[in-house]
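As C-alpha cells, the structure follows; a few thoughts come after it.
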Protein chains: 2
Amino acid sequence: MANIQEVAKKAGVSVATVSRVLNNNPSVTPKTRLKVENAIRDLDYEPSMLGRNLRNSESRLLLVLIPSISNPFYSDIINGIQNTAIANNYNILLCETNSSPERENIYFNMVKNKLADGVISMDPTVNMEKLTELAENHSIILCSEYEEGGSIPYVTINHELAAYHAVKHLIKLGNQKIALINSDEKFLYARQRRNGYERALKEFGLPLREEWIYHTHQLDFQDGVQAMRMLLRLDEKPTAVFAVSDTLAIGALKEINVCGLKAPDDIAVVGFDNISFSNMTNPTLTTIAQPMYKMGCTAANMLISIIRRNKVESMVLDHELIIRESTMG
Amino acid sequence: MANIQEVAKKAGVSVATVSRVLNNNPSVTPKTRLKVENAIRDLDYEPSMLGRNLRNSESRLLLVLIPSISNPFYSDIINGIQNTAIANNYNILLCETNSSPERENIYFNMVKNKLADGVISMDPTVNMEKLTELAENHSIILCSEYEEGGSIPYVTINHELAAYHAVKHLIKLGNQKIALINSDEKFLYARQRRNGYERALKEFGLPLREEWIYHTHQLDFQDGVQAMRMLLRLDEKPTAVFAVSDTLAIGALKEINVCGLKAPDDIAVVGFDNISFSNMTNPTLTTIAQPMYKMGCTAANMLISIIRRNKVESMVLDHELIIRESTMG
DNA sequence: GTGAAAGCGCTAACAA
DNA sequence: TTGTTAGCGCTTTCAC
C-alpha cells in the first residue's frame, strides 16, 4: 500500500499538500487538488490511521464494556451506541469482561495506552474504584448500571419507579400475594427494584413476606426455573410474580407450565427488559421496556461530549410497561 | 501521561533501554532494569500503543464481521474468537454490518488503513467480490458461511450432511410428510441444507412436494410463524417440519400452539443452531448444534496464522443432533 | 497556495 | 550492556 510520500511524488507536490487534500483544507487550488486526487486514485492510496492517530494522539475508538455478548439485553443499546459513534466518526470496540477483573484490566489499559478514546461501561460488576480513578484522566460514561453519588456521569432509567409500576399493575389485576424474583442485591438496580416492589405493596396495604422474595445467583433461564420451583413449594403460594429480568421470568413461566399450572390464570408473571424473546414465549410476557436504543445513543453522545471536553449531565430516561398475555390472559 | 522520554530521563538511561525493558529484552542488566522499572512505576507510565503500532505497522486488532449483534447464533463463536485472540495478544472489533454495503465499506477501509490486522467474516451477505480483492493484500478468513471454490480459507460445518441427519431423524420417527422451512436460497448454506433434506427424502423413497418447501425472507421468529401458518393451510399437511434456524423453528412451534395443535404429537419440529433459547421453549426444541465455540477458536487461529504468513487449510467441523421434546414428546 | 521541516511515541540497526 | 539515531505515516507551523 502506497504512503503519503509516494502520492506526493506522483502528483508532483509536497506531502503537506496531499495532507491538505485529504483533510479538505480549502486553501488548495482546484487544479492542485485534482492532481493529488488523480495520484491517490492511481496508486489506490488509503491514508494510514496509524500515522494519523499518532499525530493527533487519538484513536477514534470507543470501548463498550459488557459482561457478556450473549445477553440479549444489550443488543439494542449497542446498536444505539454504534450508530451514534459511526455518525461521529468513531468506532466501537465491544469488550466482554465476563465479569473477570483481568479482562477488565486489559481494557482499562487500552484506554491508558491511548488505544481507545473513551469507555461506556454497562458492566454491573465493574470495579468502580478503578473506574473512578481512570475517569480522572480519561472519558468514561456509565450506562444503565451506575453509582449513586459517584463522580462518573451516567444514563439510566428509574428502576425503583419501573418496579413500582410493574407491581402496581399486578395489584390492579386483583393480585394480593405477589412474589419477587430478584437478583443479587449487591447490584444497585436490584436494590432499587426491590424498593419499588415494597413501595407498591405498602401503598396498597399488602403483606410483605420474606419467603416471597427469592434471590437468584445469576440472571439465567435456569435461575428463574429454580426460583419458581421454590415459590411453588410454599404453603402460601403467591398468585403473581415480578421477576427482575425477562430471562428469569421466562424460566418462571416454564416451571409454571411444567407443574401443570397456567399463566396468568394460576400465576401472573411480569418480567423486565422486553428482550425480543419475551414476545415469543407462550404465553407472551408482560414486561418493562427500557428505551434501549435511546439509552445507547444518549450514552454515546455523552461520551463524545466528554471527549471534546464539554460538560455533561447524567440522564434518567423513561420506561414503559408492556402488557401481554402473562398477566392479561 | 508520561512518555518514554520522561521515563528514560528519570531513570537516567536512554529511551532504547526503556524500550528494551518494556519488551523484555534479556540484554538489560538487572540493576538497570530495576532503575527503569522504578521510574515506570513512579511516573505511572503506560507505553502508547499508538507509537508502538505505527512503528511495527500493526494494530493487533482483528475485525469480526457479523450481520447483527442481536442474533444469538454468533455469541459462542465470538467467545471462541475473542478468547483465542486475547491469548495471542490480539483484540477483536465486533462489526455489525446490518447487511449494509456502506457499513461493510467502513470496515474494509479499516483494514486498508492499517487500523486492523485481519478480518473474520461471518456475514452471509458480504460482498464476496470485494472481500476476495481485499484478501489479495490482507488477511481474511470466512467463518460458517463460505464460498465454494473461492480463494479465501474458511471454517464451517457440513450443512448438507447436518440437514440430512435432521431429516433422517424425523423419518426414523415414522414421519412421511416432512416440510422444509428454508431461508433465501441465495445463501449457500440454504442451498446445501435443502440438498440434505432432499437426499434424505429420496433415500427413503418419500415424496418431495414443492408446497412443503417454504422460503422465508429473514430468519426472524415472525417468519417462522408465517411459514407454519402457510403449511397448516395446505390440504395435505406435513407431520413434521425441519426449519433451517432455531428462531424459525420457535416461530413454527408458536403457531402450532396457537392453532391448538401439539408438538410433537401433531407435528414434530427440528431446528438448527442450538441457540440457548431452544432449550427454554415449550416443548424444548430438537436441533442441530454446530461447534460454535470451537469454530470461533479455529477461525481466530487460522487468521492469526495467515497474519504470520503461514499457510492454512480450510476446515470442516462436526455437527451434532440434539434430540429434545419437539420430536420425542 | 504551497513547501520544508519538526515531531507525535516507539523500536531496532548500528556504534561504542 | 547501553546509547545514538533514523524512521514508521501523518499533520501543522512557519516561511516563502
Side-chain angles (χ1 to χ4, degrees), chain A residues 1-40 43-61 89 109-117 137, chain B residues 1-40 43-61 89 109-117 137:
Chain A
M1 172 73 70
N3 63 18
I4 200 172
Q5 308 262 13
E6 302 173 47
V7 175
K9 198 187 211 171
K10 172 124 194 164
V13 298
S14 72
V15 292
T17 302
V18 177
S19 176
R20 288 188 188 104
V21 171
L22 292 173
N23 293 285
N24 287 315
N25 187 318
S27 81
V28 185
T29 37
K31 201 173 135 194
T32 316
R33 178 178 298 276
L34 200 67
K35 278 197 298 186
V36 173
E37 281 165 350
N38 285 334
I40 288 175
L43 294 173
D44 207 17
Y45 167 75
E46 297 273 350
S48 156
M49 287 298 166
L50 252 33
R52 180 175 288 175
N53 291 347
L54 173 60
R55 172 64 216 222
N56 297 340
S57 70
E58 62 173 11
S59 64
R60 301 206 78 84
L61 225 48
N89 261 307
N109 277 333
M110 287 184 71
V111 181
K112 293 190 193 164
N113 289 339
K114 302 266 190 191
L115 249 195
D117 294 347
N137 295 306
Chain B
M1 174 72 71
N3 63 17
I4 200 172
Q5 309 263 14
E6 301 172 49
V7 175
K9 198 190 217 170
K10 173 121 189 165
V13 299
S14 73
V15 291
T17 302
V18 178
S19 177
R20 288 186 188 106
V21 171
L22 291 173
N23 294 286
N24 288 315
N25 186 318
S27 80
V28 184
T29 35
K31 202 173 135 194
T32 318
R33 177 177 298 276
L34 200 67
K35 278 196 298 183
V36 174
E37 280 165 351
N38 284 335
I40 288 175
L43 294 173
D44 208 16
Y45 166 77
E46 296 274 351
S48 157
M49 287 297 166
L50 252 35
R52 179 174 290 175
N53 291 347
L54 173 60
R55 172 64 217 219
N56 298 339
S57 71
E58 64 173 8
S59 64
R60 302 207 76 84
L61 225 46
N89 261 308
N109 277 333
M110 287 184 71
V111 181
K112 293 189 194 164
N113 288 339
K114 301 264 187 193
L115 251 194
D117 294 348
N137 296 304

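Within every chain, numbering begins at 1; the chains are lettered A, B, ... in the order of the sequence lines, protein sequences first and strands thereafter.
Using a 4.0 Å heavy-atom cutoff across all strands shown, A:Ser57 reaches no nucleic acid atom at all. At the heavy-atom level, B:Leu50 lies nowhere under 4.0 Å from the strands shown. A:Asn53 comes within 4.0 angstrom of no nucleic acid atom, judged by non-hydrogen atoms across all strands. Within the nucleic acid shown, A:Val13 comes within 4.0 Å of sugar-phosphate atoms alone, with no base atom in reach, counting heavy atoms only.
Distance B:Leu22 CG to C:dC10 C1': 9 Å, rounded to the nearest Å. If you take CD of A:Gln5 and P of C:dG3, they are 13 Å apart, rounded to a whole angstrom. Separating the NZ atom of A:Lys35 from the P atom of C:dG1 is a distance of 15 Å, rounded to the nearest angstrom. The NZ-P distance, from B:Lys112 to D:dG9, rounds to 18 Å in whole Å. For B:Asn25 and D:dT2, the CG to P distance is 10 Å, given to the nearest whole Å. At whole-Å resolution of the value, CD1 in B:Ile4 and C1' in D:dC8 are 15 Å apart. A straight line from CD of A:Glu6 to P of D:dG7 spans 15 Å, rounded to a whole angstrom. Rounding to whole angstrom units, CD of residue A:Glu58 and C1' of C:dG9 are separated by 16 Å.
Both B:Ala16 and B:Arg55 sit near DNA chain D, but only B:Ala16 has its closest nucleotide nearer the 5' end. Of the two residues contacting DNA chain D, namely B:Arg33 and A:Leu54, the nearest-nucleotide position lying further toward the 5' end is that of B:Arg33.
A distance-only check finds a donor-acceptor pair linking the side chain of B:Asn25 to the backbone of B:Ser27 [under 3.5 Å]. The backbone N or O of A:Gln5 lies less than 3.5 Å from a partner atom in the side chain of A:Asn3, making a donor-acceptor pair.
Within the 4.5 Å cutoff, side-chain heavy atoms of B:Asn23 are placed close to those of B:Arg52. A 4.5 Å side-chain heavy-atom check between B:Asn24 and B:Arg33 finds at least one atom pair inside the cut-off. In this structure the side chain of A:Ile40 reaches within 4.5 angstrom of the side chain of A:Leu22, judged on heavy atoms.
An OP1 or OP2 oxygen of D:dT2 is reached within less than 4.0 angstrom by a side-chain nitrogen or oxygen of B:Thr29. Residue A:Asn56 has no polar side-chain atom (N or O) positioned under 4.0 Å from OP1 or OP2 of D:dC10. Contact between the side-chain N/O atoms of A:Ser48 and the OP1/OP2 oxygens of D:dC10 is not found at any separation under 4.0 Å. A close approach under 4.0 Å does not occur between any side-chain nitrogen or oxygen of A:Ser14 and OP1 or OP2 of C:dT2. In terms of phosphate contacts, B:Ser19 brings a side-chain nitrogen or oxygen within less than 4.0 Å of OP1 or OP2 of C:dT11. Taking side-chain N and O atoms only, A:Arg52 has no distance below 4.0 Å to OP1 or OP2 of D:dG9.
Put simply, the side chain of B:Arg20 and the base of D:dG3 share a donor and an acceptor less than 3.5 Å apart.
Defined by atom type and a distance below 3.5 Å, a donor-acceptor pair is present between the side-chain atoms of B:Asp117 and B:Ser59.
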